[in-house]
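The structure follows.
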Protein chains: 2
Amino acid sequence: MNTSQEKMPARKRRSLETRKRLLEAGRAQFIESGFQKTTISQIIKRANTGYGTAYVHFNGKDDLLIHLMEEVMVQFYEIAELPFTPKSREEANIMIEKQAGLFLEMAHEERQMMQVIEEAIRLSDEVNRKWKEIRERFIKGIEQDIRYSQAHGLARTDVNPYLIAQGWFFANEMYLWEIVKNEDGYPVQEIARNLTAMYTGGLYT
Amino acid sequence: MNTSQEKMPARKRRSLETRKRLLEAGRAQFIESGFQKTTISQIIKRANTGYGTAYVHFNGKDDLLIHLMEEVMVQFYEIAELPFTPKSREEANIMIEKQAGLFLEMAHEERQMMQVIEEAIRLSDEVNRKWKEIRERFIKGIEQDIRYSQAHGLARTDVNPYLIAQGWFFANEMYLWEIVKNEDGYPVQEIARNLTAMYTGGLYT
């Protein structure tokens, strides 16, 4: 009885270690070869495990990439879900610019993995569906912030919060991919400042 | 001499007809089978011409698609290059909303071909490069409009016209792809109204 209890956690621990090794091997292999050229065999070999064991954890290359994508996205979600309770237009501007700046900076820091993700979104229907879910989560978060600002008399109420949230996210997302693809664009903070100025205050005076 | 002069235009005319037939066959085949599944052989067969003749006109499937893309884009350019000389913020808002509405409406009207183009941008480096050129042309056009508005005291001057133009185009472009992919989204004019309100007047009051 005692032996069995000790055995179970050990087996579970080994299983978690194998899973972690597969994720690490996947990350390294994807960054090295890109999404399309990476094979699940390369990842399994690199993780020093067997096919049967690997398929207990992941249902193939696309599935493994989706788990890596979720790991990266956790950091993005933390930024997206920073508390947003501005007291004034100025405060809202500061908070949004900070959020946009962190979002784009994170993309730059994670650019190797984001390049793989970009390729995978283009080529895999499964990964593309996952990206749409992630995007929808961001947009819902922004929509809530807009509703908060509208309810507190800070934002205009003659617009549809969902459509505005989507437009704002789209502009940020496209800049994210630009940053991921081109090392030598405008500084991230300059992009965040300009985008936020347009979003909160508008271009016309 | 006379015979030769008459022969030349006839040959030229036949050549142009063949080219037109290849483009029409390509359009029909791409819409029917999508970009990836279409082969150049299918297009050549459909156009009722030969390999040698076809390759006089187009350097393969990607090249033919790029020419079809340019045909579609001519209509978009006409919208993008509508005269823009607003006298007031209100007038600018009306003009920009109209432009954005026409842009998104055109995407909806051309959605079959735009779906093919979307697929081709994801899968072909050659088509992707062409799309970047098209995008750059749009962004430059918007940048000019912003500089006009700034020079005439209508728009704020504490922002970078290129970065704002890019952000504005990105938001429109992403909505364009949404419209192309989903038949049952928000009405195009509602999207244009909301996006333009954000762009010209800002969300915060």
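To find a chain, count down the sequence lines: A is the first, B the second, and so on, and within it residues start at 1.
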Item to check | Max heavy-atom pair count under 4.5 Å with chain B, selected residue of Ile146(A), Ile121(A), Leu123(A), Ile164(A) | outcome: Ile164(A)
Checklist entry - Is the closest side-chain heavy-atom distance between Leu163(A) and Ile191(B) below 4.5 Å? => result yes
Go through chain A and chain B and list any donor-acceptor pairs closer than 3.5 Å, backbone and side chains both.
from: Arg122(A); atom 1: O; to: Arg122(B); atom 2: NH1; distance (Å): 2.7
from: Arg122(A); atom 1: NH1; to: Arg122(B); atom 2: O; distance (Å): 2.6
from: Ser149(A); atom 1: OG; to: Tyr204(B); atom 2: OH; distance (Å): 2.7
from: Leu154(A); atom 1: O; to: Thr205(B); atom 2: N; distance (Å): 2.9
from: Leu154(A); atom 1: O; to: Thr205(B); atom 2: OG1; distance (Å): 3.1
from: Arg156(A); atom 1: N; to: Leu203(B); atom 2: O; distance (Å): 3.0
from: Arg156(A); atom 1: NH1; to: Ala197(B); atom 2: O; distance (Å): 3.2
from: Arg156(A); atom 1: NH1; to: Gly202(B); atom 2: O; distance (Å): 3.2
from: Asp158(A); atom 1: O; to: Arg193(B); atom 2: NH1; distance (Å): 3.1
from: Asp158(A); atom 1: O; to: Arg193(B); atom 2: NH2; distance (Å): 3.3
from: Asn160(A); atom 1: N; to: Asn194(B); atom 2: OD1; distance (Å): 2.7
from: Leu163(A); atom 1: O; to: Tyr175(B); atom 2: OH; distance (Å): 2.8
from: Gln166(A); atom 1: NE2; to: Tyr175(B); atom 2: OH; distance (Å): 3.1
from: Tyr175(A); atom 1: OH; to: Leu163(B); atom 2: O; distance (Å): 2.8
from: Tyr175(A); atom 1: OH; to: Gln166(B); atom 2: NE2; distance (Å): 3.1
from: Arg193(A); atom 1: NH1; to: Asp158(B); atom 2: O; distance (Å): 3.1
from: Arg193(A); atom 1: NH2; to: Asp158(B); atom 2: O; distance (Å): 3.2
from: Asn194(A); atom 1: OD1; to: Asn160(B); atom 2: N; distance (Å): 2.7
from: Ala197(A); atom 1: O; to: Arg156(B); atom 2: NH1; distance (Å): 3.2
from: Tyr199(A); atom 1: O; to: Leu203(B); atom 2: N; distance (Å): 2.9
from: Thr200(A); atom 1: O; to: Leu203(B); atom 2: N; distance (Å): 3.2
from: Thr200(A); atom 1: O; to: Tyr204(B); atom 2: N; distance (Å): 2.9
from: Gly202(A); atom 1: O; to: Arg156(B); atom 2: NH1; distance (Å): 3.2
from: Leu203(A); atom 1: N; to: Tyr199(B); atom 2: O; distance (Å): 2.9
from: Leu203(A); atom 1: N; to: Thr200(B); atom 2: O; distance (Å): 3.2
from: Leu203(A); atom 1: O; to: Arg156(B); atom 2: N; distance (Å): 2.9
from: Tyr204(A); atom 1: N; to: Thr200(B); atom 2: O; distance (Å): 2.9
from: Tyr204(A); atom 1: OH; to: Ser149(B); atom 2: OG; distance (Å): 2.7
from: Thr205(A); atom 1: N; to: Leu154(B); atom 2: O; distance (Å): 2.9
from: Thr205(A); atom 1: OG1; to: Leu154(B); atom 2: O; distance (Å): 3.1

Checklist entry - Closest approach of Ala171(A) and Gly167(B), non-hydrogen atoms and distance? => result CB-O, 3.7 Å
Checklist entry - Can you pull the salt bridge (charged side-chain N to carboxylate O under 4.0 Å, His left out) pairs that have at least one residue in residues 196-205 of chain B, sequence neighbours excluded? => result none
